[in-house]
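Both ligands and their constituent atoms are indexed starting at 1 by order of listing.
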Amino acid sequence: MEKINVVILSDDLDLRIEVKNLLLREQFAISGYSNYGAEAKTKIINMFPEVVLCSVRGEVPDSVFAFVQDLLTSVRNSMVVLVTDNISVDLVNKAAGYGIRKVMPLTDVTPQEFSEELKTVLALEQQRSLDSNEGKKVRCKVIGFFSGKGGTGKSTVAVNTAVYLAREGKRVMLLDLDLQCGDVAISLDADTKYSIVDLVQDRGGITIENINNFSVDHSSGLRVLCAPKSAELAEYVQAPSVEKIIDIMRPFFEYVILDMSSAFNDITITACESCEEIFMVYNTDILSLKNAKMSYDILDQLHQKDKLRFIINKYEKGIIKPEDFTNMVGLEIYYVIPYDGKTAISCVNKGQPAVLSDPRSSLGSSLRHLTDKVIAEHTGIPVLMEPEKKKRKLFPSGGMKKSPKKKQVSDENYLFDSVESGETKKSPKKKKSKKEQG
Ligand SMILES: Nc1ncnc2c1ncn2[C@@H]1O[C@H](COP(=O)(O)OP(=O)(O)O)[C@@H](O)[C@H]1O
Ligand SMILES: [Mg+2]
């Protein structure tokens, strides 16, 4: 049985131990302890607890209630319980007003009774949030971005998807598995002090605490575990460690995004096996077409075929069309991202993904819609695209000159819809003839 992760809060060290002793070891895992100080909130967020036990001896000061109120604005998936030796009706009412789910006794209770009651409260709380669809604990989805060809835009798409998922309030980890040439850190202007190599070499082993210690926060809320700074360090990371890292991350994130290398090595194969979905990123050129077929066949032999989704990136009208991939590889096109070199280059140079720094560019808007599609499929809740269209109208980019640009974006969206529904050939023509009629 999976243990329930608990964080115990108290400024009093003896009280922390007392509360810990009320929890049956076989049912609860202590993710950590904290005081109510300024640093506590960030610390607690990174411990991903299911339950936060605020423990107080004697009268509960207002500062504890204020702390809980502030904490609950950031940790939507944690339940806060107050443990005190001073229970009164007034206290219970006041606690409820601050979002505390339960006030539990510190004394005159056995560990069995305490643990049982805490489990019951948590089960009720989880049921409540499932029913109301709020704070719903969605199963983790591991999504890999792969192609057997370099430079097709795997990292660009992986980074932007991860950042936008985080921006939409999801708990997301981005793992750079291009161990020799990983450039996720550069694309995000992230601190590269630590990498996956530090994690696998640490004496403490691969634990969620160490994953937190060696990963970095991005301003979007995304966590990133970087590739090593130099290529020769890559050999310290072996496939079983990668599998273990992903498994340990699962309970703590809604999405784990893997940016993979274009080499079919042990790490790539293990990563593919750990994925729920593998996005294959290709361009409309003959080398991509050839490589797509080859990579598809290998992944088919490895029994990964059902996970594959095909993304065409850097799309421009040319001799090779998205449907050529469908014909040759036998896989529907999942999504098409237009060529937008200007945005792509400026974003890499700034270390800011397009979905944040240039969300209205054709690259930024396309990648946002891709992410919306990913979220909709995972949660089963469709994302409305309408406000986006309205926004465009509300903020016209200025006068006559810019209007062709506007048209370009809507044409691209049209193309995506048609490609997604497998009508790549006919739809653009249909639109043209409609216009001609009008
Ligand atoms: N849709 C796009 N339009 C234009 N350039 C792009 C697009 N997507 C990615 N790029 C550029 O292509 C290059 C390779 O992208 P990258 O994501 O590093 O590929 P990979 O990870 O597959 O090697 C980068 O310079 C990137 O900015
Ligand atoms: Mg890359």
Side-chain angles (χ1 to χ4, degrees), residues 143-164 174-190 192 195-196 224-229 231 234 257-265 267-268 271-272 278-285 287-292 294-295 309-318 320 322 325 333-371 405 408-409 411-413 415-416 419:
I143 303 176
F145 288 82
F146 173 75
S147 90
K149 187 176 176 300
T152 58
K154 293 176 289 296
S155 302
T156 305
V157 184
V159 165
N160 277 277
T161 307
V163 163
Y164 200 63
L174 173 59
L175 178 49
D176 192 345
L177 287 181
D178 190 350
L179 298 177
Q180 291 190 323
C181 319
D183 42 22
V184 162
I186 296 176
S187 334
L188 289 169
D189 194 18
T192 53
S195 77
I196 187 169
V224 187
L225 185 54
C226 299
K229 265 187 242 171
I257 305 293
L258 311 179
D259 181 22
M260 296 191 233
S261 113
S262 42
F264 259 115
N265 53 27
I267 305 276
T268 303
C272 284
I278 304 165
F279 286 101
M280 293 179 75
V281 184
Y282 282 102
N283 309 141
T284 42
D285 60 69
L287 295 178
S288 275
L289 194 57
K290 178 177 162 268
N291 192 290
M294 193 191 78
S295 297
R309 314 275 178 269
F310 226 90
I311 291 184
I312 297 292
N313 184 30
K314 306 192 196 181
Y315 176 71
E316 279 185 309
K317 274 184 189 155
I320 296 176
F325 283 81
I333 302 292
Y334 181 87
Y335 201 76
V336 177
I337 302 162
Y339 183 88
D340 183 358
K342 202 174 143 221
T343 310
I345 291 170
S346 95
C347 287
V348 167
N349 290 343
K350 283 188 287 190
Q352 287 175 4
V355 290
L356 297 186
S357 68
D358 211 347
R360 285 173 205 287
S361 61
S362 33
L363 182 62
S365 94
S366 173
L367 288 165
R368 282 185 300 128
H369 286 141
L370 167 65
T371 313
K405 235 186 189 173
Q408 194 192 335
V409 171
D411 276 348
E412 282 152 10
N413 288 340
L415 170 70
F416 302 154
V419 170

Can Phe146 and Phe264 be said to form a ring pair (Phe, Tyr, Trp, His ring centres under 6.0 Å), step by step? CA-CA 10 Å; Phe146 173 75; Phe264 259 115; 4.9 Å; yes
Report yes or no: does Pro338 have a heavy atom closer than 4.0 Å to ligand 1? yes
- Task: Answer with yes or no after comparing the ring centroid distance for Phe310 and Tyr334 against a 6.0 Å cut-off, counting only values under it.
- Result: no
Residue, atom and distance of the protein heavy atom nearest atom 17 (O) of ligand 1 read Thr156 OG1, 2.5 Å
heavy-atom search around atom 1 (N) of ligand 1 in the protein gives Asn313 OD1, 2.8 Å
Could you check whether atom 24 (C) of ligand 1 has a protein contact, counting only heavy atoms that fall below 4.0 angstrom?
no
| N, O or S from Thr156 under 2.8 Å to the Mg ion (ligand 2) | no
_Please report whether ligand 1 has a polar contact with Gly151, defined as an N or O pair separated by less than 3.5 Å (distance criterion only)._
yes
- Query: Is there a donor in the side chain of Asn291 and an acceptor in the side chain of Ser295, or the other way round, less than 3.5 Å apart?
  - Reply: yes
If you compare Asp183, Asp340, Ile312 by their heavy atoms, the one closest to atom 3 (N) of ligand 1 turns out to be Asp340
N or O pair under 3.5 Å between Ser155 and ligand 1: yes
query = Any N or O on Gly153 sitting closer than 3.5 Å to an N or O of ligand 1?
reply = yes
So the atoms of ligand 1 within less than 4.0 Å of a heavy atom of Leu363 turn out to be 1 (N)
Do any nitrogen or oxygen atoms of Tyr339 come within less than 3.5 Å of a nitrogen or oxygen of ligand 1? no
If we number the atoms of ligand 1 from 1 as shown, the ones under 4.0 Å from a heavy atom of Val348 are 27 (O)
message = If we count only N and O atoms by modelled type, under 3.5 Å, do the side chains of Asn283 and Thr152 hold a donor and an acceptor together?
response = no
Hey, is the main chain of Tyr164 close enough, under 3.5 Å, to the side chain of Arg368 for a donor-acceptor pair?
no
among protein heavy atoms, the one nearest atom 13 (C) of ligand 1 is Lys314 NZ, 3.8 Å
| Side chains of Thr268 and Asn265: do they bring a donor and an acceptor to under 3.5 Å? | yes
Count the heavy atoms of every other residue, nucleotide or ligand shown that sit under 6.0 Å from CD1 of Ile186, and state whether that count exceeds 12.
no
re atom 27 (O) of ligand 1, the protein heavy-atom contact at minimum distance is Ala344 CB, 3.4 Å
Does NZ in Lys290 sit with more than 12 non-hydrogen atoms of other residues, nucleotides or ligands closer than 6.0 Å?
no
Evaluate the side chain to side chain contact (heavy atoms under 4.5 Å, CB included) criterion for residues Thr161 and Ile143: first the C-alpha distance (whole Å), next the side-chain angles of each, then the deciding distance (0.1 Å), finally the verdict.
CA-CA 10 Å; Thr161 307; Ile143 303 176; 5.9 Å; no
